[in-house]
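Remember, it's a predicted structure, so these values are computed and weren't measured experimentally. Computed over heavy atoms, backbone and side chain alike; hydrogens, waters and symmetry mates excluded. Start at 1 and go down the list; that is how both ligands and their atoms are numbered.
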Amino acid sequence: MRLIRNFPCQGYRQLEELLQNASSASLPGSGKRQCPEAPDVGRETMLTDIWETPEVLRGLLQVYMKDGVVELPGLRDKLPPEHGLAGRTPLEIMAASSEKRMAEGFTNRFSIIGSGTSWHATLLAEYLIEYMARIPVEAHYASEFRYHEPSLQTGDVVFVVSMSGETADAVESLRQITKSALGKNVLKIAVVNSSSSTLAEESDLVINVQAGAEVGVASTKGFSATGFVFELLSLALADECGTITDAERSIFVKRLHELPEGMQEVLDREAKPLMQTSTDNPIGIGECPLWDIGCQNVLAQNFIFLGRGCSFPVALEGAMKCKELAYIHAEGYPAAEMKHGPIALIDEFMPVVVVCPMADATYEKIKSNIEEVKARNGATIAITEKYNDELEQLCEYVIGLPETHEYLMPILAMVPLQLLAYMMGILRNNTVDHPRGLVKSISVKIEETGSGYAA
Ligand code: BG6
């Protein structure tokens with residue numbers, strides 16, 4: 001492990017301070033690292049949000065999975081007579097968009113809409129539903145979707161994803177559909193963290209992600225809960241569309257139930273030291289691998305996050321958290337896209353975080369992307385399964401996760417990315433719970449009162 005990456009220092013007093021902190025703490029033999037800004041564990045912080053994620057996932061399994069079958073409220077209830085698709089259940093309507101039905105001439109599809117972190121959840125949903133249920137899905141930025149005349153067909157399905165359920169771009173996107181000619185003949189589903197929100201009130205079906213209130217403005221457990229709900233929905237659709245074999249299903253369900261414990265294991269190793277640290281109980285080198293990585297790279301001016309398939313939306317969200325919490329410029333890319341441009345950015349000052357589970361069908365491909373980065377002296381931080389010896393050899397840093405199903409790895413891999421951004425944020429003395437320039441949700445009200453955020 002290279003100790004201190006000598007990033008070009010702009011001489012900021014704070015950066016010098018950080019350099020001072022990081023270098024003094026991590027010199028061999030120093031053993032003890034003074035945590036510059038140990039979070040006041042007495043009060044709730046966004047670290048608490050991340051820490052609560054396993055419990056949130058256990059809660060979702062309890063309420064939405066009955067005897068191995070996914071039971072999302074209203075999924076199997078017929079739509080009311082006033083609806084254009086009356087008499088059919090949401091699950092039937094959704095399954096009618098599957099590949100199998102396409103052969104019969106059906107051309108319905110799903111549109112999933114969201115903003116910010118919720119948009120990354122919509123992209124993850126696109127991969128999961130297409131992979132598991134073979135249903136065509138389009139993910140849309142709400143801020144773009146709301147200004148276009150939607151092209152819809154009777155029987156189409158639209159999900160609007162929003163933690164608050166109040167984000168103006170998301171609400172106006174739903175209203176755009178509702179008032180359109182075919183608005184009555186489309187199934188409108190709100191995926192929200194609040195059933196009393198505007199989006200929930202104006203939709204045909206509400207899926208509550210049950211994440212509970214978040215302390216942090218930047219969403220963490222909300223993203224994980226939303227991703228997990230789409231894992232459950234994808235399983236229900238795969239059952240209904242007959243696109244999953246019994247063998248595949250029992251492996252997936254077994255892994256689904258193991259996920260909260262797997263996540264707890266990662267948190268115990270990577271977050272607990274931070275929860276327990278204090279000025280007279282600093283974190284020692286090696287005690288918390290992710291904290292070491294944070295200290296080693298906190299002076300970076302840029303980060304690149306890479307992933308393939310389901311891991312690509314996670315790379316995007318990892319980059320988003322790096323921007324929101326550490327104020328470090330970061331970009332997320334499908335790993336294979338790197339050679340079509342971003343690779344020009346790679347040098348010894350560019351940390352590259354790669355989400356590369358061995359469970360992923362494209363693992364060998366992503367390994368070669370890591371070699372491309374290494375060939376340009378870029379520092380690679382790999383998120384992969386534990387005991388991945390070849391990446392231990394190949395990469396600068398490796399964060400090992402418990403094994404899980406390829407399609408569930410995004411939920412697990414998100415936690416160390418949230419923690420890394422959080423740790424670099426507190427190392428930079430940022431107000432990580434309330435990042436500068438961000439609000440929890442830019443609601444219609446905020447927009448109307450001219451809050452300085454352009455519609
Ligand atoms: C922004 C928040 O205002 O809204 C982001 O800062 C969030 O963290 C985005 O992802 C969307 O919010 P929501 O409530 O629609 O998911």
Discussion item. Can you tell me which portion of Lys440 lies within the under-4.0 Å heavy-atom range of ligand 1? Options are side chain, backbone, both, or neither.
Written reply: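 Only the backbone of Lys440 comes within reach of ligand 1.
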
Item to complete: Look at atom NZ of Lys339 and say whether more than 12 heavy atoms of other residues, nucleotides or ligands are closer to it than 6.0 Å.
Response: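 Yes, NZ of Lys339 has more than 12 neighbouring heavy atoms, counting only those of other groups under 6.0 Å.
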
Practice prompt. Using a strict 4.0 Å cut-off to heavy atoms of Thr117, name the atoms of ligand 1 that fall inside it.
Written response: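 This gives 10 (O) as the contact atoms.
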
Which residue owns the protein heavy atom closest to [atom], what's the atom, and how far is it?
{"atom": "atom 16 (O) of ligand 1", "result": "Ser118 OG, 2.5 Å"}
{"atom": "atom 11 (C) of ligand 1", "result": "Ser115 O, 3.4 Å"}
{"atom": "atom 8 (O) of ligand 1", "result": "Glu324 OE2, 3.4 Å"}
{"atom": "atom 12 (O) of ligand 1", "result": "Thr167 OG1, 3.4 Å"}

Main-chain N/O of [Y] paired to [X] side chain as donor or acceptor, under 3.5 Å:
{"X": "Lys221", "Y": "Asp49", "value": "no"}
{"X": "Asn193", "Y": "Val209", "value": "no"}
{"X": "Glu202", "Y": "Val171", "value": "no"}

Worksheet item: Can you tell me if Ala170 has a non-hydrogen atom under 4.0 Å from ligand 1?
Response: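 Flag not set, Ala170 not near ligand 1.
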
Discussion item. If the contact criterion is a heavy-atom separation under 4.0 Å, does Met320 count as touching ligand 1?
Written reply: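 Contact absent.
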
Worksheet item: Are Arg428 and Tyr327 in a cation-pi setup, meaning NZ or CZ lies under 6.0 angstrom from the ring centre and within 45 degrees of the ring axis?
Response: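 Judged by the rule, Arg428 and Tyr327 form no cation-pi pair.
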
Show me the donor-acceptor pairs, under 3.5 Å and distance only, between side chains in residues 177-185 and residues at least two apart or in other chains.
unit_1	atom_1	unit_2	atom_2	d
Thr178	OG1	Leu174	O	2.9
Lys179	NZ	Gln176	OE1	3.4
Ser180	OG	Ile177	O	2.6
Ser180	OG	Gly183	N	3.4
Lys184	NZ	Glu82	O	3.4
Asn185	ND2	Thr154	OG1	3.3

Worksheet entry | Option with minimal heavy-atom separation from atom 1 (C) of ligand 1, where the choices are Val217, Val439, Val160, Leu438 |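 That would be Val439.
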
Worksheet item: When only distance counts, is Val161 in polar contact with ligand 1, meaning an N/O pair under 3.5 Å?
Response: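 No: no nitrogen or oxygen of Val161 is under 3.5 Å from one in ligand 1.
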
For residues 401-416, which side-chain donor-acceptor pairs fall under 3.5 Å, sequence neighbours excluded?
unit_1	atom_1	unit_2	atom_2	d
His405	ND1	Tyr407	N	2.9
Glu406	OE2	Ala361	N	3.3

